[in-house]
Structure formats: C-alpha cells, structure tokens
Amino acid sequence: MANSKFEYVKLYESDDRLLPRTYIVIRVDGRGFHQFSKKYDFEKPNDLNALNCMNKAAEGVMRNVQDVFLAYGQSDEYSFVFLKDTNLFERRASKLMSTVVSTFTANYIYAWSQLFPNNPLDGNFLPTFDSRAVMYPDVQSLKDYFSWRQADCHINNLYNTTFWTLVQKGQLTPHDAQTKLIGTLSADKNEILFTDFGINYNNEPEMFKKGSILRWEKLDHKYPKNPTKRQLDKYRKSVRDAKINILHCDIIKDEQFWNDVLAEEDTAATTTPTS
Ligand code: ATP
Ligand code: ATP
Ligand code: MG
Ligand code: MG
C-alpha cells in the first residue's frame with residue numbers, strides 16, 4: 001500500500017507521543033466489576049482468587065511489555081510504570097495503553113481458566129478493562145501517585161470489611177449497614193469491628209489492606225538495540241527466567257522501598273526500538 005493515493009489518510013492520525021523523561025503510568029480498571037463480582041460469586045469483601053487472578057494478569061504485562069519496572073494493584077485496578085527513558089512505541093499513548101490493556105485482559109482470561117476451573121467464564125459476560133495514561137514529571141509525584149492508590153485501597157478495604165461484617169456476622173441488611181456507617185471515621189469502623197465482632201483490623205491479610213506491588217527481583221535485562229533474532233531470543237529467555245516479587249508493604253511511608261526501586265530504575269538502560 002506504500003505510496004498509494006490513499007496514503008494521505010495517515011495525516012489524520014494525531015501525534016499522541018507522551019512527554020520525554022517523564023514516568024508514564026498506565027492504569028487499567030475492570031469495567032463494571034461490581035456486577036462482574038456478583039455474577040461470578042466473588043467472596044465479599046475480598047475474593048482471594050480474584051486478586052490472584054489480577055496479580056497473574058499484571059505479571060503477564062511485566063513479562064510481555066518491555067520497560068515496565070513496577071506495578072501496583074488493588075481491587076479491579078492495576079497501575080504500571082515505565083522506565084523514565086522508555087522509547088517503546090515512540091512513547092505513543094494510544095499504542096502503549098492499548099498494548100497494556102489487551103495484554104492484561106488476555107492474561108486475566110488465561111489466569112481465570114487456571115484459578116477458577118469450576119467457575120468458567122460465560123461468553124456473554126466476559127471481563128474487560130479500560131486504561132488511561134498519565135505522565136509524572138518527577139519522583140515525588142510518582143511516589144504521591146502510588147500513595148494515593150494505596151490510601152484508596154486502605155479506605156475502601158476498611159469500609160468494605162466493616163460493611164460486610166455487619167451484613168454477614170451482624171445480620172444487618174445492606175441498607176441498614178450502609179446507614180450505620182454514614183459519617184463514621186476510620187477509628188469508628190475499627191471500634192465497631194473490635195467491640196462488636198472481636199476483629200482486630202490490623203490482623204487482616206496484608207494483601208487486602210495494602211494491595212500488591214510487583215517488582216523485578218533484579219532489573220538487569222536490557223532490551224537490545226536493533227536486535228538480531230538470537231539477541232531477541234536471549235532477551236526473551238532472560239525475561240522469562242527473571243523473578244517477579246509480590247510485596248504487600250507500605251509504600252506511603254517506606255523510604256527504603258523507593259530508594260531500592262529507583263536505584264534499579266536508574267541503572268537499567270532502555271534502548272527499546274521504535275515500532
Ligand atoms: P467501573 O466500570 O466504573 O470501573 P466498577 O463496577 O468496576 O465500575 P469500581 O469502582 O472499579 O467499579 O469497583 C470495583 C468493584 O469490583 C468493587 O467495588 C468490588 O465490588 C468489586 N471487586 C473487585 N475485586 C474484587 C475482589 N477481589 N473481591 C470482591 N469484590 C471485588
Ligand atoms: P506489530 O506488532 O508492529 O503490529 P506485526 O508482526 O503484528 O507487528 P503487522 O504489520 O501488524 O505486523 O502485520 C501482521 C502480520 O501478521 C502480517 O504481515 C502477516 O504476516 C500476519 N498475519 C496476520 N493475519 C494473518 C492471517 N490471517 N493469515 C496469515 N498471516 C497473517
Ligand atoms: Mg472498575
Ligand atoms: Mg476499580
């Protein structure tokens with residue numbers, strides 16, 4: 001089709017390249033997962049298998065989309081950060097977003113078949129995700145972004161844990177549980193859980209309270225420049241063999257976490273070809 005008279009239509013494509021030397025974060029979020037979780041009978045407030053399915057899907061993204069060095073997930077969302085100097089797809093937003101979200105969805109569906117053998121997906125009710133790309137200009141705004149998502153996880157999880165305890169153990173109707181929680185602060189919810197149900201919120205699983213962080217054990221695989229087939233095979237093998245750790249730590253307060261992550265990010269060369 002090169003040089004055909006139709007080629008001018010390419011001029012209608014807009015240039016959506018993201019700014020250089022910024023941290024590109026792509027966040028995917030499940031579409032209508034409130035309904036999806038009902039349809040597939042997720043345990044409330046937290047279905048462990050469903051969270052593991054999200055983590056598997058995110059691992060698939062880290063292994064298959066170059067230059068993702070860190071990911072954070074909670075509920076039906078996952079955020080992926082690219083190395084600051086990535087040149088993947090010439091940093092074009094639409095290419096990056098669509099590649100991340102389709103890789104995530106494909107891996108989610110595959111992981112589902114492994115994790116839920118007795119709860120197969122209904123072809124009329126499949127999981128789908130949207131995605132957005134945001135650029136963060138410096139380390140502080142990147143840290144604040146993750147703190148925002150982790151604080152969101154904490155607030156929602158404390159609310160959901162209290163709400164579902166009132167319904168499941170306190171025999172309240174969902175409407176009454178909701179009414180009881182209107183205007184309550186964190187301390188009030190902790191108190192309801194502890195005094196009425198003997199539950200110490202601090203003892204809830206870390207994954208539920210903090211979400212999941214995925215990071216390479218050692219970020220030492222560099223995408224080769226203009227790779228030959230042999231170099232590409234070698235690169236793929238190194239990614240396949242590299243270990244990804246799942247952490248549930250506090251990324252809001254933990255300075256050491258960020259020092260470690262960013263030191264690795266700094267040393268990883270990014271010479272991704274443009275295509
Ligand atoms: P939208 O399409 O606007 O994102 P949504 O229904 O997906 O709408 P969210 O705000 O993204 O709404 O919330 C996701 C919902 O999915 C949660 O409120 C919760 O009900 C459900 N959910 C997600 N993961 C789990 C899980 N592991 N266990 C139980 N419920 C979950
Ligand atoms: P990129 O990731 O840059 O899109 P690509 O390998 O997908 O790279 P495309 O330009 O999208 O390259 O071309 C798709 C290629 O897939 C075709 O050149 C052809 O080799 C192959 N292909 C796609 N559909 C079919 C099909 N139905 N039968 C045989 N080959 C196909
Ligand atoms: Mg959603
Ligand atoms: Mg969500």
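Read the numbers this way: they start at 1 and go in the same order the structure lists the ligands and their atoms.
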Checking contacts now, so for atom 5 (P) of ligand 1, which I'm interested in, is there any protein heavy atom under 4.0 Å?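 There is a protein heavy atom less than 4.0 Å from atom 5 (P) of ligand 1.
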Kindly state if atom 1 (P) of ligand 1 has a protein heavy atom within a strict 4.0 Å cut-off, that is, under 4.0 Å?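 So far as the 4.0 Å threshold goes, atom 1 (P) of ligand 1 is in reach of a protein heavy atom.
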Is there a polar contact, in the sense of an N or O pair closer than 3.5 Å, between [X] and ligand 1?
X: F42; value: no
X: D29; value: yes
X: G32; value: yes

May I ask you to say whether K237 pairs ionically with D233, meaning some side-chain N is under 4.0 Å from a carboxylate O?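 No, this pair does not count.
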Does the distance from a Lys or Arg side-chain N to an Asp or Glu carboxylate O, for E255 and K143, drop under 4.0 Å?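 Yes.
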Out of D76, N156, T128, indicate the one that has the non-hydrogen atom closest to atom 12 (O) of ligand 1.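 Selected option, by shortest heavy-atom distance: D76.
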Nearest to atom 15 (C) of ligand 1 by heavy atom, H34, E43, K44, M207: which?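 Selected option, by shortest heavy-atom distance: H34.
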T165 side-chain N/O to T161 backbone N/O, donor-acceptor pair under 3.5 Å: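 At least one qualifying donor-acceptor pair exists.
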For ligand 1, indicate whether the residue D47 contacts it via side chain, backbone, both or neither (heavy-atom separation under 4.0 Å).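 Under 4.0 Å from ligand 1, D47 contributes backbone and side-chain atoms.
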Is it the side chain (CB and beyond), the backbone, both or neither of F33 that lies under 4.0 Å from ligand 1, heavy atoms counted?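 Both of them.
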Numbering the atoms of ligand 1 from 1, which are under 4.0 Å from a heavy atom of [X]?
X: N46; answer: 28 (N)
X: R31; answer: 2 (O)
X: L51; answer: 27 (N)
X: A50; answer: 27 (N)

Going by the rule salt bridge (charged side-chain N to carboxylate O under 4.0 Å, His left out), which residues pair with [X] if we only count those two or more places apart in sequence or in a different chain?
X: K38; value: none
X: D152; value: R149
X: K39; value: D122

For D41 and N119, does a side-chain donor sit closer than 3.5 Å to a side-chain acceptor?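 Their side chains do not contain a donor-acceptor pair, so the 3.5 Å distance test is not met.
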Looking only at the side chains, is there a donor atom on one of Q140 and D144 sitting less than 3.5 Å from an acceptor on the other?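 Present: a donor and an acceptor within the cut-off.
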Non-hydrogen atoms of L115 and N49 that approach each other most closely: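 Nearest heavy atoms, L115 then N49: O-ND2, 2.9 Å.
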How far is atom 23 (C) of ligand 1 from its nearest protein heavy atom, and which residue and atom is that?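 For this ligand atom, the closest protein heavy atom is S75 OG, 3.5 Å.
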For atom 29 (C) of ligand 1, what is the nearest protein heavy atom, given as residue, atom name and distance?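 Heavy-atom neighbour on the protein nearest atom 29 (C) of ligand 1: P45 O, 3.3 Å.
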Could you tell me if the ring centre of [X] sits under 6.0 Å from that of [Y]?
X: Y145; Y: Y72; result: no
X: Y8; Y: F6; result: no
X: W112; Y: F36; result: yes

Looking at CD1 of I192 and OG1 of T162, how far apart are the two atoms once the value is rounded to the nearest 0.5 Å?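 These two atoms lie 6.5 Å from each other.
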Heteroatom count (protein N, O or S) under 2.8 Å of the Mg ion (ligand 4):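 Total protein N/O/S atoms under 2.8 Å from the Mg ion (ligand 4): 2.
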